[in-house]
Amino acid sequence: QFKVTSELTWSKEYLHLITSLLPNLTIALAPHTVTCYRHLLFFDRLNYLQNGGLLGGFRSADTVRALVYHRFHISSPPSFSALVLHRSGSRAWKSQNQIIQLVRRIAIRFNATVNHSDLFGYDLQKQVALFSQSDVVIAAHGAALTNVMFMRPHTAVVECFPPYFYELTFETICGLEQVLYISVPDFPRQAQYAVAVKYYRQGSFYQKRRKFIDAPVFPPSSQLYDAVMRAFEYVTRWRSVFRVTDQWSESSSWRLVVCY
């Protein structure tokens, strides 16, 4: 249920997108009523995996992505590109330039370009365009990764976590969107190490993980290198075997060309 007066700009644009494309969509139900539907698509946040459920399944994910692509006239990207997301605040990259340089060294091997952005000032259309044109996204854990729902199938995401922390939010979205997901955890021998290990051994860490979320992100370089390399190799294999035309035809249908 959206409250238009209090929602963020991104949410307002999202609501406008859905209502403009699906004019008969019921956004909110009156309390204490029961309504039956022949078909139902979940677009809003759902309560599964304890925290982080987004979209109700493959059909909802495909529908949202298709509607957004159609709305903003998204076409196939012209070249192989990677995106490094900046982040400020408590979960900022500890050494952002080092991360970007590592990604660039790998990108050169695949003849790919590297972009980087903090999404500041981007409206929904610009965010959709940026993520839909990116083959590999590297980012610290944060809400900006919600945009992976707009990435094309068989692209890749590398998510780097603060020390000891993990969460399934964006792994779930990637699974629904057919995007390869790779996580890079970090377990340094720091002050909170003993506490984190205790929670892991008790099997209670996921319930208490938020205690560890606000910390700078500095993934081990070897793990990050392997993760980014795996992402580039995956996308390259797919692009080499299949040619996917992600453009809308005049009849608003997808076309898939398989080349052997």
Side-chain angles (χ1 to χ4, degrees), residues 58 61-62 65-66 68-69 72-87 93 95-117 119 126-142 144-161 168-186 217 219-248 254-260:
F58 295 104
D62 288 342
R65 179 168 51 195
V68 171
Y69 279 21
F72 296 134
H73 308 290
I74 300 299
S75 59
S76 298
S79 60
F80 193 174
S81 67
L83 171 65
V84 179
L85 284 180
H86 296 183
R87 183 176 175 86
W93 294 109
S95 182
Q96 183 169 278
N97 291 335
Q98 184 175 338
I99 302 295
I100 294 174
Q101 291 303 318
L102 182 149
V103 175
R104 282 176 173 167
R105 289 199 302 271
I106 296 175
I108 290 174
R109 301 177 55 177
F110 295 88
N111 195 29
T113 59
V114 178
N115 304 308
H116 49 93
S117 174
L119 304 184
K126 289 183 179 179
Q127 293 184 55
V128 170
L130 181 62
F131 277 78
S132 66
Q133 301 295 305
S134 299
D135 295 279
V136 177
V137 171
I138 302 95
H141 176 78
L145 276 173
T146 305
N147 288 289
V148 302
M149 66 191 293
F150 305 127
M151 294 180 69
R152 290 167 288 112
H154 307 295
T155 51
V157 169
V158 176
E159 180 182 13
C160 301
F161 288 117
L168 304 176
T169 304
F170 305 114
E171 180 179 5
T172 301
I173 298 176
C174 287
L176 294 173
E177 301 288 358
Q178 300 181 63
V179 173
L180 176 67
Y181 173 86
I182 306 171
S183 66
V184 182
D186 189 13
V217 177
S221 57
S222 60
Q223 293 185 37
L224 180 61
Y225 182 91
D226 290 344
V228 175
M229 179 65 75
R230 178 186 169 195
F232 272 85
E233 289 175 342
Y234 169 83
V235 175
T236 299
R237 286 197 301 269
W238 179 262
R239 289 167 67 98
S240 298
V241 175
F242 298 97
R243 179 183 177 187
V244 183
T245 306
D246 292 331
Q247 296 179 343
W248 287 91
W254 293 98
R255 293 174 294 159
L256 174 63
V257 180
V258 182
C259 302
Y260 294 94

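- In this structure the side chain of Cys160 reaches within 4.5 angstrom of the side chain of Leu224, judged on heavy atoms.
- Within the cation-pi definition used here (under 6.0 Å to the ring centroid, within 45° of the axis), Arg239 qualifies as a partner of Phe80.
- For the residue pair Asp135 and Ser79, the shortest heavy atom distance occurs at OD2-O, 3.5 Å.
- Atom OG1 of Thr113 sits about 11.5 Å away from atom CD1 of Ile108, to the nearest 0.5 Å.
- Ser95 is linked by a side-chain contact (heavy atoms from CB on, under 4.5 Å) to Gln98, Phe218, counting only residues two or more places apart in sequence or in another chain.
- Here the CD1 atom belonging to Ile99 is positioned 11.0 Å from the NE2 atom belonging to His86, to the nearest 0.5 angstrom.
- The two residues Gly142 and Phe170 make their nearest non-hydrogen contact at O-CZ, 3.1 Å.
- With Ser134 contributing its side chain and Val136 its backbone, the two residues share no donor-acceptor pair below 3.5 Å.
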Practice task
Given side-chain contact (heavy atoms from CB on, under 4.5 Å), test Arg109 with Met229 step by step and report yes or no.
Solution key: CA-CA 10 Å; Arg109 301 177 55 177; Met229 179 65 75; 3.0 Å; yes
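- With a 4.5 Å cut-off on side-chain heavy atoms, Ser132 and Ile74 count as touching.
- The line from CD of Glu233 to CG of Leu180 is 11.0 Å long, rounded to the nearest 0.5 Å.
- Contact check for Thr146 versus Thr169: no side-chain heavy atoms found under the 4.5 Å cut-off.
- Between Ala140 and Arg87 the shortest heavy-atom distance is CB-CD, 4.3 Å.
- Within the 4.5 Å cutoff, side-chain heavy atoms of Tyr225 are placed close to those of Ile106.
- Among all heavy-atom pairs drawn from Ile182 and Ala231, the shortest one is CD1-N, 3.9 Å.
- A donor-acceptor contact shorter than 3.5 Å is absent between the side chain of Thr155 and the backbone of Met151.
- Distance CG/Asn115 to CD/Gln133: 10.5 Å, rounded to 0.5 Å.
- Taking the six-membered ring for Trp and the full ring otherwise, Phe150 and Phe131 have centroids separated by 6.0 Å or more.
- At a threshold of 4.5 Å between non-hydrogen side-chain atoms, the residues Tyr234 and Arg230 do not count as touching.
- Val148 places none of its side-chain heavy atoms less than 4.5 Å from the side chain of Val179.
- The CH2 atom of Trp93 lies 8.0 Å from the CD1 atom of Ile138; values are rounded to the nearest 0.5 Å.
- The side-chain heavy atoms of Leu85 and His116, taken from C-beta on, include no pair separated by under 4.5 Å.
- In this structure, CZ on Phe58 lies 5.5 Å from CG on Leu176, to the nearest 0.5 angstrom.
- A pairwise comparison of heavy atoms in Leu145 and Val157 identifies CD2-CG1, 4.2 Å as the closest pair.
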Exercise for the section: Would you check, one step at a time, whether the test side-chain contact (heavy atoms from CB on, under 4.5 Å) holds for Val184 with Glu159? Expected result: CA-CA 6 Å; Val184 182; Glu159 180 182 13; over 6 Å; no
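- Taking 4.5 Å as the limit, every side-chain heavy atom of His154 sits out of range of all side-chain heavy atoms of Arg237.
- Smallest separation of non-hydrogen atoms from Cys174 and Tyr181: CB-CB, 3.8 Å.
- Looking only at distances, a side-chain donor or acceptor of Asn147 sits under 3.5 Å from a matching main-chain atom of Ala144.
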